[in-house]
Amino acid sequence: MIRTRFAPSPTGYLHIGGLRTALFSWLWARKNKGKFLLRIEDTDLSRNSDKAVDAILEAFNWVGMSYDGDAIFQSKRFDIYKKYIDKLLEEGKAYRCYMSREELDTLRAEQMARGERARYDGRYRDFRGTPPEGIKPVIRIKAPQEGNIIFNDGIKGEISIASTEVDDFIIARSDGTPTYNFVVAIDDALMGLTDVIRGDDHLYNTPKQIVVYRALGFKIPNFYHVAMINNEQGKKLSKRDGATDVMEYKNMGYLPEALLNFLVRLGWSHGDQEIFTIDEMIELFDPKNINRSSSNYNLDKLLWLNSHYIKNMSNEKLATLLKEYGVDIVEHNRLNLILNATKERGKTLVELANQINLILKAPKEYDKKSSKRAFRGEAKEILKKFIILLQSWETPLDAPADYHKVLEKFVSDNSIGFGKIGQPLRVGLLGSMRGSGLDEIMAILGVDEVVKRVDRVVATL
RNA sequence: GACCCUUUCAUCUAGUGGCCAAGGAUAUUGCGUUUUCAUCGCAAAAACAAAGGUUCAAAUCCUUUAGGGGUCGCCA
């Protein structure tokens with residue numbers, strides 16, 4: 001059975017990079033009817049925040065991802081790690097190192113000056129003497145000193161790193177608390193993970209974790225290192241260009257299905273397919289089709305996807321969602337008309353809400369440029385005449401098609417083009433030259449409201 | 001600086017030695033539809049980082065160079 005995990009450290013909100021790796025892991029588990037587990041990496045006791053955990057769960061909930069079982073908190077598993085540290089110590093696979101921080105700093109500076117990769121030199125590896133006084137030791141694991149550490153990455157292929165590049169890294173701090181690479185390996189093993197999908201900023205941690213796996217005799221899982229998401233300029237993502245809280249996307253009016261569709265195609269592909277329902281993603285996802293190279297974050301496509309999902313969403317569901325964006329038309333008897341007239345004009349729910357308000361709320365002012373164009377010539381007379389025709393119409397006016405008949409009769413009676421009435425009428429009703437179809441607008445507003453708005457604008461001309 | 005990863009249109013990508021004078025999508029531009037805007041339809045422009053090899057044949061394999069990213073913590 002496939003078992004994957006998402007293992008964030010609770011230092012802040014969830015951003016799209018994290019959401020994407022979580023998505024990949026989640027899809028892979030769901031596709032294989034396996035388990036997707038959540039683990040909170042909070043071993044650094046000074047940097048924890050419960051809020052951060054809530055933020056992650058809120059984001060998961062919004063996009064509809066769920067994890068199996070209970071979330072695991074590393075901070076509650078210190079006794080387990082301690083046991084393994086003692087075991088390694090006993091077996092001589094780990095040792096106490098009495099090097100002071102100052103000594104370490106000096107060593108690193110020297111190595112860097114020589115143009116080497118900074119790494120611990122193993123001076124206490126076989127230490128048998130009397131420990132220096134006043135130093136609380138750290139515990140280091142014995143890494144291999146020769147050969148290469150090789151593993152097969154599911155995305156990048158065989159990765160080989162010289163053992164000389166991997167030092168005897170610290171597995172327990174001088175205060176006794178365990179460190180990241182140690183606990184990750186233990187938990188990944190104990191949680192029975194078969195596939196670890198994570199960002200390729202962890203690529204260099206993998207050989208270290210393999211050292212732990214081997215020392216403890218654990219089975220090594222499959223690793224998949226997904227390349228980073230960069231900004232449009234190909235640089236590291238910053239808060240300005242995408243590394244914002246996932247929930248910000250909700251505030252900006254994006255649909256979760258659009259965001260997931262966007263993210264799944266960032267680095268992964270299934271031939272030429274662009275649109276994926278969640279079920280399709282689950283069915284088709286395979287980490288072997290993840291791209292090796294990093295991808296650039298670009299909002300255009302997300303916007304396009306979002307408008308696609310808005311256009312294809314049921315009116316009932318849209319209406320419900322719109323309540324959070326300041327528009328409540330759930331009980332409106334023209335609900336379908338309103339959304340059919342506007343949903344192609346809003347790329348986000350925020351824009352859609354604006355479009356709806358544009359119709360539902362009488363214009364407070366009339367766009368200058370539009371007015372200038374629309375209200376020239378005989379516009380005033382034409383509007384007056386149109387109102388008369390509208391009010392004297394004999395058959396009931398209900399559907400957009402009914403209003404269309406009125407418009408048709410009006411232009412033919414007066415031998416004018418649609419534009420002659422369309423432009424002033426539109427500006428009179430909406431305050432702007434652009435917007436939904438007049439037939440729909442009038443059907444939504446009804447005769448009385450149309451007359452009211454036109455009267456008002458006529459009075460200003 | 002050292003080590004590791006990576007490099008196809010502006011962007012996301014298809015492509016695993018011949019089907020590629022490189023396909024799709026977004027964005028852009030033009031045309032059409034429309035009373036406006038949007039949607040939609042059609043079309044255009046747009047890329048194998050560079051140089052050397054290997055091969056009958058290379059976007060695909062190898063080497064070097066250049067660009068980008070990551071890592072070098074008693075952070076995760």
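Here is the naming used below: chain letters follow the sequence lines, and residue numbers restart at 1 for every chain. Computed from a predicted structure; not experimentally measured.
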With a non-hydrogen cut-off below 4.0 angstrom, is [X] in contact with a base, only sugar-phosphate, or nothing?
X	result
A:Ile159	sugar-phosphate
A:Arg114	nothing
A:Ser269	sugar-phosphate

I want to check one thing: is the phosphate of [N], taken as OP1 and OP2, less than 4.0 Å away from some side-chain N or O of [X]?
X	N	value
A:Arg20	B:rC12	no
A:Thr43	B:rA76	yes
A:Thr179	B:rG73	no
A:Arg265	B:rU13	no
A:Lys311	B:rC40	yes
A:Asn291	B:rA14	yes

Partner nucleotide, any strand, of [N] [Watson-Crick/G-U, under 3.5 Å]:
N	answer
B:rU16	none
B:rC74	none
B:rG41	B:rC31

Starting the side chain at C-beta, find the nucleotide from [options] nearest to [X].
X	options	value
A:Asn296	B:rC37, B:rA76, B:rC12	B:rC12
A:Asp272	B:rG70, B:rA76, B:rG24	B:rG24
A:Met228	B:rG73, B:rA76, B:rG70	B:rG70
A:Ala118	B:rC72, B:rC12, B:rA76	B:rC72
A:Ile170	B:rG1, B:rC74, B:rG69	B:rC74
A:Glu274	B:rA2, B:rC74, B:rG24	B:rG24
A:Ser293	B:rU39, B:rU6, B:rC74	B:rU6
A:Glu344	B:rU39, B:rA2, B:rC74	B:rU39

What distance, rounded to whole Å, do you find between the two [atom1] atoms, one in [N] and one in [M]?
N	M	atom1	answer
B:rA58	B:rA43	P	32 Å
B:rA50	B:rU8	P	11 Å
B:rU35	B:rA45	P	32 Å
B:rG1	B:rC20	C1'	42 Å

>> Without decimals, in angstroms, what is the distance between A:Tyr224 OH and B:rC5 P?
In response: 19 Å
> Would A:Arg119 count as a cation-pi partner of A:Tyr204, with NZ or CZ less than 6.0 Å from the six-membered ring centre and within 45° of the ring normal?
Replying inline: no
>> Would A:Arg140 and A:Tyr124 count as a cation-pi pair here, with the cationic atom under 6.0 angstrom from the ring centre and within 45° of the axis?
In response: no
>> Would you compute the distance between atom CZ of A:Arg20 and atom CD1 of A:Ile197 and round it to the nearest 0.5 angstrom?
In response: 11.0 Å
> If you round to the nearest 0.5 Å, how far is CD1 of A:Ile382 from NZ of A:Lys420?
Replying inline: 6.0 Å
>> Taking donor-acceptor contacts at under 3.5 Å, does the side chain of A:Arg345 reach the base of B:rU39?
In response: no
Could you run down the sub-3.5 Å N/O contacts of the protein with nucleotides 27-35 of chain B?
residue, atom, partner, partner atom, Å
B:rU35, O4, A:Leu438, N, 3.2

